[in-house]
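Scroll down for the structure; my scribbles are underneath it.
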Protein chains: 2
Amino acid sequence: MSSHPAKQANGSHLAKQAGGSPLAKQAGGSPLAKQASGSPLAKQRLRVWLRLLAAQREMESHLRARLRKRFDCTLPRFDVLSALERHRDGLRMSDLSTKLKVSNGNVTGIIDRLVGDGMVVRASVDGDRRAMRVRLTPAGVIWFGDMAHEHEIWVDELLAGHDAGDLEQLIAQLSRIGEGENDE
Amino acid sequence: MSSHPAKQANGSHLAKQAGGSPLAKQAGGSPLAKQASGSPLAKQRLRVWLRLLAAQREMESHLRARLRKRFDCTLPRFDVLSALERHRDGLRMSDLSTKLKVSNGNVTGIIDRLVGDGMVVRASVDGDRRAMRVRLTPAGVIWFGDMAHEHEIWVDELLAGHDAGDLEQLIAQLSRIGEGENDE
DNA sequence: GGAATATATTTCAAGCCTAAAATATTGAAC
DNA sequence: GTTCAATATTTTAGGCTTGAAATATATTCC
């Protein structure tokens with residue numbers, strides 16, 4: 001996951017950018033024209049993307065390690081349980097993949113394992129024999145409750161350096177990235 | 001990846017309060033007002049984490065799809081090539097895993113495949129027969145150059161809604177998350 | 001020099017992930 | 001009612017990812 005081009009192979013063989021003026025000439029007509037290619041703003045956006053990625057990885061890696069050591073649970077499993085916790089009446093497989101934004105096949109595998117652990121159950125949906133409704137078991141509810149509690153503390157610690165104002169700024173800026181998407 | 005506890009079924013055992021956060025007081029009214037969850041600030045931090053995750057996934061998923069369709073390349077491969085592009089004299093396997101923050105075994109597999117594709121080569125390091133120096137091949141340089149160029153445009157598009165001020169804010173806030181880490 | 005320890009890399013098992021193909025069922029058009 | 005497209009899920013193939021164990025080489029300490 002990620003991508004840091006940061007400084008593309010400029011000076012060598014690739015034609016790439018006229019070379020003279022740093023401000024792109026704005027090749028006008030051609031839709032395939034290099035557009036924003038070397039602009040300072042594009043570079044800054046690239047920097048933001050790399051930072052975003054680094055921050056996400058940093059936090060995810062901490063959370064994954066803790067979840068594993070303390071609860072022998074993975075992040076994907078935690079995510080699924082979390083979604084199910086908010087929908088005690090159950091969710092369909094497709095609801096899960098939509099909410100978590102992962103592929104259908106992926107959800108199938110995660111649910112298989114959670115079923116094997118006795119944390120969730122699959123039930124048929126009446127009126128539609130194609131669909132499956134997935135629910136937390138009582139054990140799943142308890143397990144997730146314990147984990148969620150600690151998880152919140154971990155996140156709080158990881159972002160301890162950010163006060164209310166910082167957080168508000170972040171929410172505002174980050175919310176404009178997926179634009180339109182809104183879980184729940 | 002990710003994690004949305006959002007509303008854990010707490011109310012039972014563990015005592016709360018995030019150890020590290022000095023600002024985490026303000027739980028408002030009665031002791032009971034602390035409710036089934038942590039302080040409002042902790043909740044807000046959780047919200048930020050979820051947004052961060054959503055934004056990252058959104059961008060990553062777009063970039064991955066484009067990279068695949070246009071260049072038949074994956075993001076991890078792109079990342080490795082990117083690191084190597086910035087170090088034409090080559091990097092050791094361990095340098096790569098450090099820079100990309102992924103495990104050693106992971107890098108081994110990615111490099112194996114890139115070698116198979118003729119985009120990088122492994123050479124022994126003299127003075128240390130344990131180590132391997134990995135370098136881009138000429139074909140790798142060209143391939144990465146092409147991809148990096150488009151990749152920058154894609155990122156530019158994905159963050160088109162953010163102006164210089166927004167970007168500066170984001171960089172400032174995000175930089176304080178990994179705290180201390182700094183690639184290159 | 002030789003033993004213990006540390007470093008660099010690979011291998012391994014298990015799980016995550018996607019895109020695409022395969023199944024099964026539903027719903028709509030005819 | 002049969003055909004055809006859409007929907008819900010699983011399966012499959014290939015690749016990514018981790019943490020831990022295994023190898024091989026270096027270094028340090030005696």
Side-chain angles (χ1 to χ4, degrees), chain A residues 1-3 53 56-57 60-81 90-117 122-134, chain B residues 1-3 53 56-58 60-81 90-117 119 122-134:
Chain A
M1 33 186 104
S2 102
S3 47
L53 208 48
Q56 185 272 337
R57 280 192 193 181
E60 178 165 313
S61 130
H62 273 271
L63 293 173
R64 177 179 44 234
R66 297 240 223 177
L67 213 45
R68 191 180 61 80
K69 281 184 203 166
R70 183 108 175 66
F71 296 102
D72 191 28
C73 182
T74 65
L75 237 10
R77 273 164 162 93
F78 182 82
D79 286 348
V80 166
L81 296 176
L91 286 173
R92 291 171 179 215
M93 296 300 278
S94 51
D95 294 333
L96 278 170
S97 56
T98 299
K99 275 184 196 305
L100 304 179
K101 290 181 199 138
V102 297
S103 65
N104 284 338
N106 189 357
V107 172
T108 295
I110 297 171
I111 291 297
D112 283 350
R113 286 179 285 269
L114 283 172
V115 168
D117 291 345
R122 263 190 260 239
S124 55
V125 173
D126 44 65
D128 191 340
R129 278 182 302 181
R130 295 167 302 180
M132 290 304 243
R133 181 170 301 283
V134 184
Chain B
M1 4 157 131
S2 99
S3 47
L53 209 47
Q56 186 272 336
R57 280 192 193 181
E58 172 74 13
E60 178 164 313
S61 130
H62 273 273
L63 293 173
R64 178 178 44 233
R66 297 240 223 178
L67 214 44
R68 191 180 61 81
K69 281 186 204 166
R70 240 172 150 61
F71 295 101
D72 192 28
C73 181
T74 65
L75 236 10
R77 274 164 161 92
F78 182 82
D79 286 348
V80 166
L81 295 176
L91 285 174
R92 292 170 177 216
M93 297 299 280
S94 50
D95 293 333
L96 278 171
S97 57
T98 298
K99 276 184 195 305
L100 304 179
K101 292 182 197 135
V102 297
S103 66
N104 284 338
N106 190 356
V107 172
T108 296
I110 296 170
I111 292 297
D112 283 349
R113 285 179 285 270
L114 283 172
V115 167
D117 291 344
M119 296 302 163
R122 263 189 259 239
S124 54
V125 172
D126 45 63
D128 191 340
R129 278 182 303 180
R130 295 169 302 179
M132 290 303 243
R133 180 169 302 282
V134 184

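Order of the sequence lines sets the chain letters (A, B, ...), proteins ahead of strands, with each chain counted from 1.
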Indicate whether OP1 or OP2 belonging to [N] is found under 4.0 Å from a side-chain N or O atom of [X].
X	N	result
A:Arg64	C:dC16	no
A:Thr108	D:dT11	no
A:Arg113	C:dG15	no
B:Ser94	C:dT7	no
B:Arg122	C:dT10	yes
B:Arg92	C:dT7	no
A:Asn106	C:dT18	yes

Is a donor-acceptor pair below 3.5 Å formed from side chain B:Arg130 to base C:dT7, judging by atom type as modelled?
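Between C:dT7 and B:Arg130, which were checked side chain against base, a qualifying N/O pair under 3.5 Å is present.
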Of the candidate nucleotides D:dT25, C:dT10, D:dT9, which contains the atom at the shortest distance from the side chain of A:Ala131?
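Of all the options, the side chain of A:Ala131 is nearest to D:dT9.
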What nucleotide, of C:dT9, D:dT9, D:dT17, holds the atom closest to the side chain of B:Ile110?
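Selected nucleotide: D:dT17.
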Report yes if the side chains of B:Glu60 and A:Leu53 come closer than 4.5 Å at any heavy-atom pair, otherwise no.
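In contact.
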Would you mind reporting whether A:Thr74 and A:Arg113 have side-chain heavy atoms less than 4.5 Å apart?
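Contact flag for A:Arg113/A:Thr74 side chains = no.
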Supply the atom-to-atom distance [X] [atom1] to [Y] [atom2], rounded to the nearest 0.5 angstrom.
X	Y	atom1	atom2	answer
B:Met93	B:Thr108	CE	OG1	4.0 Å
A:Arg122	A:Ile111	CZ	CD1	6.5 Å
B:Arg130	B:Ser124	CZ	OG	14.0 Å

Whole angstrom value for the distance that separates [atom2] of [N] from [atom1] of [X]:
X	N	atom1	atom2	answer
A:Arg68	D:dA20	CZ	C1'	9 Å
A:Arg77	D:dT18	CZ	C1'	14 Å
B:Leu81	D:dC16	CG	P	11 Å
A:Leu63	D:dT18	CG	P	14 Å
B:Leu100	C:dT9	CG	P	13 Å
A:Met132	C:dA24	CE	P	14 Å
B:Leu96	D:dC16	CG	C1'	16 Å
A:Leu67	D:dG19	CG	P	12 Å

So does B:Ser103 get a backbone contact from the side chain of B:Asn106, meaning a donor-acceptor N/O pair under 3.5 Å?
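No.
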Tell me which of A:Asp112 and A:Ala65 sits closer to the 5' end of DNA chain D, going by the nucleotide each one is nearest to.
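In this pair, the answer is A:Asp112.
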On DNA chain D, compare the nucleotides closest to B:Thr74 and A:Asp128; which residue's is nearer the 5' end?
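By nearest-heavy-atom nucleotide position, the 5'-most residue is A:Asp128.
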Within the 4.0 Å heavy-atom criterion, would you say B:Ser103 contacts the bases, only the backbone, or no part of the nucleic acid?
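B:Ser103: base contact, heavy atoms under 4.0 Å.
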